[in-house]
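Everything below concerns the one structure shown next.
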Amino acid sequence: MFGEELKQFQRLGFRHVLLQVLNFASVIASGLMIWKGLGLITNSESPIVVVLSGSMEPAFYRGDLLFLTNPASEKYKTGDITVYKIPGADIPIVHRVLETHDVVKKKSKRSKTALTGTGEQLLLTKGDNNEVDDIELYQGLDWLERKHIVGKVRGFLPYVGYVTIAMNDFPQLKYALLGGLGLLALVQRE
């Protein structure tokens, strides 16, 4: 089945195969650097996420690709669509902000200033297609804090994320695709 490809692979020589492996590693490293660069620019650990459930329909459907930012200076408002991650939960959740509360931190009585200008923001979220708010999802927390927020949705591409969903649902597809790309990179002459 792969007899011709194996003969071609043997004819290429060690230096050519090594060059192909280094080119493949370069492509992978470039992709990772772009991902980390996007994370730094957007101030988000995950600047691109895929919607995995129907809880935000009709705003977003399963398989939509979302683009996020998380500017530190910007406060979240009621109606913003956020992606958050609860400690201990692996999957980020895409839901709309239902309520916000600004908590002002107090300084000690000995200080000249009674209140600081910056405070914490607490959020309550809910999926558009859900009956109740997300307090049950918070795993013991009463409110979401800023540290739980992955980002605010700034844009989306419909249905593009189905590729990711398919690769997670069928791991054999993911390994076959990666193996095929690796083999293609090794036997390609350029």
Side-chain angles (χ1 to χ4, degrees), residues 30-169:
S30 297
L32 290 173
M33 285 189 288
I34 290 170
W35 180 257
K36 284 299 181 187
L38 276 174
L40 287 173
I41 291 168
T42 62
N43 191 33
S44 177
E45 69 182 65
S46 183
I48 300 171
V49 296
V50 175
V51 177
L52 298 175
S53 75
S55 67
M56 279 302 291
E57 290 178 3
F60 301 116
Y61 292 91
R62 188 170 194 259
D64 289 354
L65 194 69
L66 305 178
F67 301 99
L68 312 176
T69 62
N70 193 14
S73 61
E74 189 177 317
K75 294 223 177 233
Y76 287 92
K77 300 177 294 249
T78 300
D80 287 344
I81 300 173
T82 62
V83 176
Y84 65 89
K85 203 171 183 181
I86 298 298
D90 294 336
I91 299 172
I93 300 170
V94 181
H95 282 173
R96 192 177 303 273
V97 175
L98 195 60
E99 281 183 48
T100 65
H101 293 280
D102 293 327
V103 178
V104 181
K105 295 181 181 178
K106 293 183 180 182
K107 284 192 172 182
S108 68
K109 292 181 181 181
R110 296 179 188 170
S111 174
K112 293 180 182 178
T113 309
L115 300 174
T116 62
T118 61
E120 251 183 78
Q121 189 176 29
L122 302 175
L123 305 172
L124 177 67
T125 58
K126 176 186 174 293
D128 290 356
N129 202 19
N130 292 350
E131 297 289 326
V132 295
D133 59 34
D134 292 347
I135 289 178
E136 292 296 322
L137 297 176
Y138 297 166
Q139 297 179 0
L141 299 173
D142 292 329
W143 299 91
L144 286 180
E145 297 174 23
R146 182 70 184 228
K147 65 184 178 184
H148 300 124
I149 305 296
V150 175
K152 178 179 180 178
V153 176
R154 299 294 182 168
F156 77 101
L157 285 174
Y159 308 115
V160 176
Y162 266 115
V163 174
T164 303
I165 292 172
M167 285 196 276
N168 282 333
D169 289 349

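Heads up: numbering here begins at 1 and tracks the sequence.
A donor-acceptor pair shorter than 3.5 Å can be found between the side chains of Y76 and N70. In the model, S55 has a side-chain atom that pairs as donor or acceptor with a side-chain atom of S53 under 3.5 Å.
Atoms OG1 and CG, on T69 and L38 in that order, are 12.0 Å from each other to the nearest 0.5 Å. Interatomic distance, E99 CD to L122 CG, rounded to the nearest 0.5 Å: 10.5 Å. Considering CG of L68 and CZ of R154, their distance stands at 9.5 Å, rounded to 0.5 Å. For the atom pair NE2 (H95) and CD1 (I81), the distance works out to 10.5 Å, reported to the nearest 0.5 Å. Note: L141 CG to L144 CG = 7.5 Å, rounded to the nearest 0.5 Å.
Using modelled atom types, no side-chain atom of N129 and backbone atom of M56 make a donor-acceptor pair closer than 3.5 Å. Side-chain atoms of D64 come within 3.5 Å of backbone N or O of Y159 as a donor-acceptor pair. A donor-acceptor pair under 3.5 Å is absent between the side-chain atoms of T82 and the main chain of Y84, judged by distance alone. Within the 3.5 Å criterion, the main-chain N or O of D80 finds no donor-acceptor partner in the side chain of R96.
Between G39 and P47, the shortest heavy-atom distance links the atoms N-CG, 3.9 Å. Contact record, T78 with T100: N-CG2, 4.1 Å, taken as the closest heavy-atom pair.
At a threshold of 4.5 Å between non-hydrogen side-chain atoms, the residues L123 and W143 do not count as touching. Two residues are said to be in side-chain contact when any heavy atoms from C-beta on lie closer than 4.5 Å; V83 and I149 fail this criterion. Contact annotation: the side chain of W35 approaches that of I48 to within less than 4.5 Å [non-hydrogen atoms, C-beta and beyond]. Under the 4.5 Å side-chain criterion, counting only non-hydrogen atoms from C-beta, L157 is in contact with F67. Considering only heavy atoms from C-beta on, S46 stays 4.5 Å or farther from K85 through its side chain. The shortest side-chain heavy-atom distance between I93 and L137 falls under the 4.5 Å cut-off. Between E136 and V132 the shortest side-chain heavy-atom distance does not fall below 4.5 Å. For the pair Q121/H101, no side-chain contact is recorded, criterion being any heavy-atom separation below 4.5 Å from C-beta on.
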- request: In sequence, state the C-alpha distance, the side-chain angles, and the governing distance for K77 and K152, and then conclude on side-chain contact (heavy atoms from CB on, under 4.5 Å).
  value: CA-CA 10 Å; K77 300 177 294 249; K152 178 179 180 178; 4.3 Å; yes

message: Using side-chain contact (heavy atoms from CB on, under 4.5 Å), reason through L124 and L98 one step at a time and then give a plain yes or no.
response: CA-CA 5 Å; L124 177 67; L98 195 60; 4.2 Å; yes

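Note: F60 and F156 meet the aromatic proximity criterion, with ring centroids under 6.0 Å apart.
Residues E74 and R146 are not paired through a salt bridge, judged by the lack of any N-O separation under 4.0 Å between the basic side chain and the carboxylate. Ion pairing between a basic and an acidic side chain is recognised when a charged N comes within 4.0 Å of a carboxylate O; R62 and E57 show no such pairing. Using a 4.0 Å cut-off between charged nitrogen and carboxylate oxygen, D134 and K126 do not count as a salt-bridge pair. Under a 4.0 Å N-O distance rule, the pair D102/K75 qualifies as a salt bridge.
Heavy-atom contacts from other residues, nucleotides or ligands closer than 6.0 Å to CD of Q139 number more than 12.
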